[in-house]
Amino acid sequence: MERDDRKIVTSCFSKVFQKKALLSTKIYAEIFDQIPEAREFMQGDVSQQKEGFVSVLIEAMKMPQTGEAAERRMAELRQLHVTLGVTAQQVERALNIILEVLREGLAADLTAEEQKAWDRVIRTFGLDLAAGLS
């Protein structure tokens, strides 16, 4: 993630956070529709998953590209996904769904520059996560 992306995403985070409930509801509906096996990976109820989605947004926004703490946290996230049996392909499919829902859901709230920054930040985070999965 470029330094400018982090700065842009941080500056408009409140716009995204305000729509977290709507966005996460749409994201999980699409994931369950397009990746039905994802239901098997969801531990607990969907409301917990939605809160997890918000924490992932926050982590994606804050996580630097390098650094020991970032590497440890990404390793923890990968291990969680490995434990659940999530594959890299499933993460990449979910990533595309997340990005599409965010683009549609935030089109009226974010500038083109802000949308591109969010896209790059989330794509980088998701692809880093997927890179450690089979």
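What you see below is based on every heavy atom in this structure, not just the backbone, and it leaves out hydrogens, waters and symmetry mates.
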message: If you compare all heavy atoms of L99 against all heavy atoms of R123, which two are closest, and at what distance to 0.1 Å?
response: CD1-NH2, 3.1 Å

message: What's the separation between atom CG in L102 and atom CH2 in W118, rounded to the nearest 0.5 Å?
response: 8.0 Å

- prompt: Are R93 and E30 close enough for a salt bridge, meaning some N to O gap below 4.0 Å?
  reply: no

- prompt: Is there a donor in the side chain of Q18 and an acceptor in the side chain of S14, or the other way round, less than 3.5 Å apart?
  reply: no

message: With a 4.0 Å cut-off on N to O distance, would you call R73 and E76 a salt bridge?
response: yes

message: Does this structure show an ion pair linking K15 with E114, if we count only N-O contacts that are shorter than 4.0 Å?
response: yes

task: Provide the closest heavy-atom pair for A88 versus A130 in the form atom of the first, atom of the second, distance.
output: CB-O, 3.4 Å

query: Take atom CD in E113; do more than 12 heavy atoms of anything else shown fall under 6.0 Å from it?
result: no

task: For K19 and L106, indicate whether the former's side chain and the latter's backbone hold a donor-acceptor pair under 3.5 Å.
output: no

- prompt: What are the two closest non-hydrogen atoms of A38 and I31, and how far apart are they?
  reply: CB-CG2, 3.6 Å

- request: Could you tell me which non-hydrogen atom of I8 sits nearest to which non-hydrogen atom of A117, and how far apart they are?
  value: CG2-CB, 3.7 Å

message: Can you give me the closest heavy-atom contact between Q90 and I35, atom names plus distance?
response: O-CD1, 4.0 Å

- prompt: Closest approach of V121 and D5, non-hydrogen atoms and distance?
  reply: CG2-CB, 3.9 Å

- request: Report yes or no: do L22 and I122 belong to one cluster of Ile/Leu/Val/Met/Phe/Trp/Tyr joined by side chain heavy-atom distances under 4.5 Å?
  value: no

field: Separation of M74 CE from L129 CG (nearest 0.5 Å)
entry: 5.5 Å

